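Okay, so here's the structure we're looking at.
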Amino acid sequence: MKRILIISLVSLALFGCGEKKVTEEMLIGKWICHKQGLYNIEKTSTDKRNYEINNIFEKYERQKDGSMTRQAYDLAPEKFSFKRYRKEHHNIDENVEYDETFEYQYVSENEFKYIETFNSRYRHTKKTGELNVYTITCVRQKD
């Protein structure tokens, strides 16, 4: 009996209760966010295109029709379509192509990260053109 209990506890500790993920329901509410943009990752952090913006207000709401809206700054709310992760591939012309990746990362019930990665390359040589990463970290606002 002790052996079964120990095996059960070890299994629960190893596998947890399931991976935590950002969901639509989790997003509903008011958030204070910090945005950081890093352009051409291999360049120095003093590159003038790298930036940080603090105290960005965001609000997510569920509408009566079941859709969601997102309001950032003092702008009007806009329709919001939640996708936990997506990757898009585009061809700009015969010379350049790029991939964009959008991902929500769960930190805690009151914090998440949204990461957007932009990676361009020259189609014939596959040499990287730009690699940009935008990270937004949001913490639930206490009312």
Side-chain angles (χ1 to χ4, degrees), residues 4-143:
I4 293 173
L5 181 60
I6 291 171
I7 291 171
S8 297
L9 290 174
V10 169
S11 296
L12 184 60
L14 289 176
F15 299 108
C17 297
E19 182 183 353
K20 301 279 188 171
K21 296 180 180 180
V22 175
T23 64
E24 283 186 355
E25 292 306 313
M26 177 188 164
L27 290 177
I28 293 173
K30 298 176 183 176
W31 300 85
I32 297 293
C33 303
H34 169 82
K35 184 174 186 177
Q36 181 180 31
L38 297 175
Y39 291 84
N40 282 344
I41 299 302
E42 69 276 358
K43 291 193 175 192
T44 67
S45 61
T46 57
D47 186 319
K48 298 243 187 270
R49 295 180 300 167
N50 295 329
Y51 66 90
E52 289 188 41
I53 303 172
N54 290 308
N55 299 323
I56 302 168
F57 169 80
E58 289 194 10
K59 181 179 179 182
Y60 295 86
E61 291 184 307
R62 170 100 42 217
Q63 302 304 304
K64 290 179 183 175
D65 65 1
S67 67
M68 285 185 70
T69 59
R70 175 182 164 266
Q71 180 181 6
Y73 304 98
D74 290 330
L75 302 173
E78 55 188 31
K79 287 204 179 274
F80 173 76
S81 176
F82 175 73
K83 293 180 182 166
R84 203 172 278 118
Y85 175 86
R86 74 178 194 273
K87 184 172 184 175
E88 298 177 2
H89 177 80
H90 303 276
N91 293 320
I92 297 175
D93 57 31
E94 66 275 354
N95 297 318
V96 180
E97 62 184 6
Y98 70 92
D99 293 319
E100 273 187 298
T101 305
F102 308 90
E103 179 181 13
Y104 282 90
Q105 293 180 350
Y106 181 93
V107 176
S108 73
E109 196 60 36
N110 294 310
E111 185 176 352
F112 70 89
K113 288 185 179 186
Y114 176 75
I115 300 171
E116 181 179 342
T117 305
F118 174 88
N119 184 10
S120 68
R121 66 198 149 280
Y122 299 98
R123 292 178 76 185
H124 300 294
T125 63
K126 298 299 181 192
K127 182 180 176 189
T128 299
E130 283 191 60
L131 175 58
N132 306 324
V133 178
Y134 313 98
T135 304
I136 301 173
T137 303
C138 296
V139 176
R140 190 177 303 280
Q141 183 177 352
K142 308 283 188 216
D143 286 330

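Fair warning: this is a prediction, and the values are worked out from it, not measured in the lab.
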Is it true that a side-chain atom of N91 and a backbone atom of E94 form a donor plus acceptor pair closer than 3.5 Å? no
Atom NZ in K35, atom CD1 in I53: separation rounded to 0.5 Å? 6.0 Å
Taking the side chain as every heavy atom from C-beta outward, state whether Q71 and K30 have any pair of such atoms under 4.5 Å apart. no
So do the side chains of I32 and V139 get within less than 4.5 Å of each other, counting heavy atoms only? no
Decide side-chain contact (heavy atoms from CB on, under 4.5 Å) for E130 and Y98; before the verdict, give the C-alpha distance in whole Å, the side-chain angles of both, and the deciding distance to 0.1 Å. CA-CA 9 Å; E130 283 191 60; Y98 70 92; over 6 Å; no
Could you walk me through whether H34 and T135 pass the side-chain contact (heavy atoms from CB on, under 4.5 Å) test, one step at a time? CA-CA 8 Å; H34 169 82; T135 304; over 6 Å; no
Non-hydrogen side-chain atoms of E24 and F80 separated by less than 4.5 Å: no
Could you check if a side-chain atom of Q141 sits within less than 4.5 angstrom of a side-chain atom of W31, using non-hydrogen atoms only? no
Give, for atom NE2 of H89 and atom CG of D99, the distance between the pair rounded to the nearest 0.5 Å. 6.0 Å
Test Y60 against M68 for side-chain contact (heavy atoms from CB on, under 4.5 Å), laying out the working first. CA-CA 7 Å; Y60 295 86; M68 285 185 70; 4.1 Å; yes
Any donor-acceptor N or O pair under 3.5 Å, side chains E88, H90: yes
Name each donor-acceptor pair under 3.5 Å that joins a side chain in residues 111-119 to protein atoms two or more places apart or in another chain, with its distance.
none

Which heavy atom of I28 sits nearest to which heavy atom of R140, and what is that distance? O-NH1, 3.2 Å
Just to verify, what does E58 make a salt bridge (charged side-chain N to carboxylate O under 4.0 Å, His left out) with, not counting sequence neighbours? R70
Side chains of Y51 and Y134: does their closest heavy-atom pair fall under 4.5 Å? yes
Would you say D65 and Q63 are linked by a side-chain donor-acceptor pair, where the criterion is simply a distance under 3.5 Å? no
Nearest 0.5 angstrom please: F102 CZ to Y85 OH, how far? 10.5 Å
Rounded to the nearest 0.5 Å, how far apart are CG of N95 and OH of Y122? 9.0 Å
Is the number of heavy atoms from other residues, nucleotides or ligands within 6.0 Å of CZ (F82) greater than 12? yes
Is any side-chain N of the basic residue among E25 and R62 closer than 4.0 Å to the acidic one's carboxylate O? yes
Beyond-backbone contact of K59 with T69, side-chain heavy atoms, under 4.5 angstrom: no
